[in-house]
Peer 1: 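Take a look at this one; I'll ask things after.
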Amino acid sequence: MSNTNPARGMRDFLPDQIRKRNYVIGVIKEVYEKYGFEPLETPSIENLSTLTNKYGEEGDQLMYKILKRGEKLKKQLRREDEVKEDDLADLALRYDLTVPLARVIANNRNELPRFFKRYQIQPVWRADRPARGRYREFYQCDVDAIGSKSIVVEVELISAVSEILNRLQFSDFEIRVNHRESLRKMVSEAGIGEEQTSDALVSLDKLDKIGAEGVYKELSARGIDQTAASAFLDSVNQESIPKELAELTRMIPQIKIDLSLARGLSYYTGAIFEMVLTKGDFAGSIAGGGRYDGLIGMFGKEEIPAVGLSLGLERILMIMEERDMFPDDLTTNAADVLVTIWNEETASDSLKLAGELRQNGLRVTIYPQPDKLGKQFKYADQIDVPFVCVLGESEIAENTVTLKNMKTGDQETLSVKEAIERLSDHFVTTDSK
RNA sequence: GCGGCUAUAGUUCAGUUGGUUAGAACGCCUGAUUGUGGUUCAGGAGGUCGAGGAUUCGAGUUCCUCUAGCCGCCCCA
């Protein structure tokens with residue numbers, strides 16, 4: 001038998017998983033829209049040149065590149081000099097949603113409002129090694145506000161995400177903020193060279209994971225001398241609030257300043273933030289973002305300020321699964337009622353009944369072929385349908401249906417009208433409120 | 001990219017120092033029940049033992065290579 005697994009790091013989503021994903025995505029959309037963000041979608045594939053050199057070296061390596069096609073590919077393969085990876089590819093799968101957004105902004109400057117607030121929930125791809133809660137294809141839920149330097153934007157984004165997390169019943173999250181400017185000062189004041197800035201920040205970011213000693217060791221391993229390393233580490237503990245963060249702290253008092261917060265992406269220029277869960281064993285962040293005033297300018301002449309934030313949907317889902325946080329009434333079955341089929345001749349009666357029930361607002365599935373009733377009941381049980389309408393010869397003759405409650409096992413032969421009323425009482429009134 | 005563990009039925013797993021026809025549970029199918037599922041009983045189907053090679057009279061079992069999965073590291077959401 002051939003291998004039937006999806007490609008490595010990719011997943012199939014079965015109906016139950018989709019329901020959970022849709023529930024979370026629904027909450028996210030609802031809150032974002034409540035804050036006045038507009039939906040945006042961009043293509044899965046971008047020109048390779050759009051994506052390269054935006055994420056740092058690591059990012060370029062983790063990008064899925066798409067081979068050139070036809071004559072263009074053959075031409076490269078025929079070349080006698082050394083052919084580089086990027087000569088063979090001209091397209092790539094998007095690596096995040098921020099760079100495509102920057103491209104859209106630069107490309108539609110005239111059509112878009114002066115301040116553009118958008119949300120975007122789409123998959124992105126990274127050729128990374130899969131791990132717990134980490135995949136090669138995964139969804140990002142981004143909100144970004146383009147065009148303003150005001151701190152109001154940061155505040156709005158942080159409140160929106162807080163509201164989402166609250167609505168999803170997360171009670172133990174903490175908002176950590178830092179500022180690229182503060183980090184830059186810490187690095188230079190410690191006497192760490194500019195070329196080692198990113199090394200220093202990557203190590204520092206792990207402070208809460210590996211502790212001060214761990215960071216110190218890593219800094220040394222990366223060739224940063226003792227005095228610089230300890231000065232750098234000490235600067236994390238400074239008491240005073242850096243002036244870059246003073247206003248944000250005043251507006252959202254519950255945020256925690258964390259001078260060890262660095263974040264990997266190189267395009268951030270101002271405030272950076274991260275939402276982390278404080279209980280449980282999961283150490284990673286479930287949302288993160290920051291201000292990137294330079295990125296959009298890379299696509300056009302104008303520098304356009306921007307702040308963005310991304311929710312880690314996969315992590316949120318994973319934790320909600322582990323903590324059993326999905327609401328009980330999350331619909332877990334395909335239909336409210338199953339209509340049976342007695343034989344070939346009565347199939348049209350069953351179809352008609354199903355249609356009538358549907359018109360009355362019920363979710364109805366019809367057993368797809370004539371079969372023994374036992375099998376039809378077994379199937380109803382398997383797909384977790386709470387009611388079955390048996391439409392057999394005698395029911396059709398008397399213009400009735402037999403309605404069975406699968407949970408209690410009770411059943412009753414009723415007129416079609418009564419059956420509809422019975423079922424509507426059960427489902428429709430509560431649903432449409 | 002580096003290290004460790006694992007790979008046997010649809011699923012979870014057992015399989016003795018290498019020995020005949022590879023087992024269990026659950027699931028699936030059939031029947032007991034020709035108009036009734038979830039319980040019970042009887043029966044049945046389903047395996048190139050991850051792939052390839054080596055050792056051996058003989059390999060699910062030992063060795064090598066590859067592939068995939070899981071757990072760490074690196075990095076990241």
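All values reported here derive from a predicted model rather than from experimental measurement.
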Peer 1: What's A/Gly409 touching, base or sugar-phosphate or nothing? Going by heavy atoms closer than 4.0 Å.
Peer 2: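 Base, at least one base atom sits under 4.0 Å.
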Peer 1: Quick check for you: among B/rC75, B/rG37, B/rC28, whose closest atom lies nearest to any side-chain atom of A/Gln382?
Peer 2: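 Looking only at side-chain atoms, A/Gln382 lies closest to B/rC28.
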Peer 1: Round to the nearest Å and state the distance from A/Lys378 atom NZ to B/rG31 atom C1'.
Peer 2: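 Rounding to the nearest Å, NZ of A/Lys378 and C1' of B/rG31 are 12 Å apart.
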Peer 1: Rounded to whole Å, how long is the line connecting atom CZ of A/Arg126 with atom C1' of B/rA77?
Peer 2: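 Between C1' of B/rA77 and CZ of A/Arg126: 6 Å.
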Peer 1: Decide side-chain contact (heavy atoms from CB on, under 4.5 Å) for A/Asp60 and A/Asn53; before the verdict, give the C-alpha distance in whole Å, the side-chain angles of both, and the deciding distance to 0.1 Å.
Peer 2: CA-CA 7 Å; A/Asp60 285 355; A/Asn53 298 321; 3.6 Å; yes
Peer 1: What does B/rC41 pair with, Watson-Crick or G-U, if both distances are under 3.5 Å?
Peer 2: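 Its partner is B/rG31.
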Peer 1: Using Watson-Crick or G-U wobble geometry with both distances under 3.5 Å, which nucleotide pairs with B/rU62?
Peer 2: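 B/rU62 is paired with B/rA54.
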Peer 1: Using the P atom in both, what is the distance from B/rC70 to B/rA32, to the nearest Å?
Peer 2: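 That atom pair is separated by 45 Å.
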Peer 1: Rounding to a whole Å, what distance do you find between A/Asp144:CG and B/rA77:P?
Peer 2: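 One finds 14 Å between P of B/rA77 and CG of A/Asp144, rounded.
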Peer 1: Could you tell me whether A/Val388 contacts a base, only the sugar-phosphate backbone, or nothing, with contacts defined as non-hydrogen atoms closer than 4.0 Å?
Peer 2: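 No contact.
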Peer 1: What integer number of Å spans the C1' atoms of B/rC5 and B/rC28?
Peer 2: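 Those two atoms are separated by 32 Å.
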Peer 1: What interatomic distance, in whole Å, is found between P of B/rC73 and the corresponding atom of B/rA51?
Peer 2: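 Roughly 33 Å separates the two P atoms.
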Peer 1: Which of the following nucleotides, B/rA68, B/rU36, B/rC29, is nearest to the side chain of A/Gln411?
Peer 2: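 Nearest nucleotide to the side chain: B/rU36.
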Peer 1: For the pair made of CG in A/Asp96 and P in B/rA77, what is the distance, rounded to whole Å?
Peer 2: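 Distance check: A/Asp96 CG to B/rA77 P gives 9 Å.
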Peer 1: Whole angstrom is fine here: how far is it from CD in A/Glu395 over to C1' in B/rU36?
Peer 2: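 Spelled out: CD on A/Glu395 to C1' on B/rU36 is 11 Å.
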Peer 1: What's the closest nucleotide to the side chain of A/Arg134 if the choices are B/rU36, B/rC75, B/rG31?
Peer 2: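 Output: B/rC75.
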Peer 1: Taking pairing as Watson-Crick or G-U wobble with both contacts under 3.5 Å, can you name the mate of B/rC2, or confirm there isn't one?
Peer 2: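 Looking at the geometry, B/rC2 pairs with B/rG72.
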Peer 1: Counting only side-chain nitrogens and oxygens, does A/Lys375 get under 4.0 Å of the OP1 or OP2 atom of B/rU30?
Peer 2: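 Looking at the OP1 and OP2 atoms of B/rU30, one of them is under 4.0 Å from a side-chain N or O of A/Lys375.
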Peer 1: Starting at the 5' end of RNA chain B, which residue's closest nucleotide do you reach first, A/Arg136 or A/Arg8?
Peer 2: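 Result of the comparison: A/Arg8.
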Peer 1: Rounded off to whole Å, could you give me the CE-to-P distance for the A/Met63 and B/rC75 pair?
Peer 2: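 That distance rounds to 19 Å.
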Peer 1: A/Pro386 and A/Ala335: which non-hydrogen atoms are nearest, and at how many Å?
Peer 2: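 A/Pro386 and A/Ala335 have their closest heavy atoms at CD-O, 3.5 Å.
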Peer 1: With a 3.5 Å cut-off and just heavy-atom distances, do the side chain of A/Arg129 and the base of B/rC76 make a donor-acceptor pair?
Peer 2: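 Per atom types, no contact qualifies.
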Peer 1: Suppose you measure atom C1' in B/rA24 against the same atom in B/rG69; what distance do you get, rounded to whole Å?
Peer 2: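 Straight-line distance between the two C1' atoms is 24 Å.
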Peer 1: Provide, to the nearest angstrom, the distance between the OH atom belonging to A/Tyr95 and the C1' atom belonging to B/rC76.
Peer 2: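 So the two atoms are 7 Å apart, to the nearest Å.
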Peer 1: Let me know which of A/Lys185, A/Arg291, A/Arg180, A/Arg184 forms a salt bridge (Lys or Arg N to Asp or Glu O under 4.0 Å) with A/Glu244.
Peer 2: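 Of all the options given, the one that passes is A/Lys185.
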Peer 1: Would you find more than 12 non-hydrogen atoms of other residues, nucleotides or ligands less than 6.0 Å from A/Gln226 atom CD?
Peer 2: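 Result for CD/A/Gln226: open.
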Peer 1: With distance as the sole criterion, do the side chain of A/Asp381 and the base of B/rG38 form a donor-acceptor contact below 3.5 Å?
Peer 2: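 Such a pair does not exist between side chain and base.
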Peer 1: Under a 3.5 Å cut-off for both distances, is B/rA25 Watson-Crick or wobble paired, and to whom?
Peer 2: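 Per the H-bond distance test, B/rU11.
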Peer 1: Report the relative orientation of the aromatic rings in A/Tyr119 and A/Tyr32; use parallel for angles under 30°, tilted for 30 to 60°, perpendicular for over 60°.
Peer 2: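 Answer is tilted, since the angle falls between 30° and 60°.
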Peer 1: Any base atoms under 4.0 Å from A/Tyr139, or only sugar-phosphate, or nothing? Heavy atoms, all strands.
Peer 2: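 Counting heavy atoms under 4.0 Å across all strands, no contact is made by A/Tyr139.
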Peer 1: Of A/Tyr379 and A/Gly312, whose closest RNA chain B nucleotide lies nearer the 5' terminus?
Peer 2: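 It is A/Tyr379 whose nearest nucleotide is closer to the 5' end.
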Peer 1: Check the distance between B/rC76's P and A/Tyr268's OH and give it to me in whole angstrom.
Peer 2: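 After rounding, the gap between these two atoms is 12 Å.
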Peer 1: Can you tell me how far C1' in B/rU34 sits from the matching atom in B/rU20, rounded to whole Å?
Peer 2: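 About 46 Å, rounded to a whole number of Å.
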Peer 1: When you compare B/rU61 with B/rU55, how far apart are their C1' atoms, in angstrom units rounded to a whole number?
Peer 2: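 One C1' to the other, the span is 14 Å.
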Peer 1: Say we look at B/rG47 and B/rU8: how far apart would their P atoms be, to the nearest angstrom?
Peer 2: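 15 Å, rounded to whole Å.
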Peer 1: Look at all strands and tell whether A/Glu137 reaches a base, only sugar-phosphate, or nothing, counting heavy atoms closer than 4.0 Å.
Peer 2: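 It contacts nothing in the nucleic acid.
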Peer 1: Out of A/Arg134, A/Arg11, A/Arg136, which one pairs with A/Glu314 under the salt bridge (Lys or Arg N to Asp or Glu O under 4.0 Å) rule?
Peer 2: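 Looking at A/Arg134, A/Arg11, A/Arg136, the match for A/Glu314 under the salt bridge (Lys or Arg N to Asp or Glu O under 4.0 Å) is A/Arg11.
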Peer 1: Test your reading of the model: is there a side-chain donor-acceptor pair from A/Glu181 to the backbone of A/Gly270, 3.5 Å cut-off?
Peer 2: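 Side chain of A/Glu181 to backbone of A/Gly270, a donor-acceptor pair under 3.5 Å: no, none is there.
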Peer 1: Expressed as a whole number of Å, how far does the P atom of B/rU62 sit from that of B/rG15?
Peer 2: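 To the nearest whole Å, 12 Å.
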Peer 1: Output yes when at least one side-chain N/O atom of A/Lys372 is less than 4.0 Å from OP1 or OP2 of B/rG37, else no.
Peer 2: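 No, A/Lys372 has no side-chain N/O under 4.0 Å of OP1/OP2 on B/rG37.
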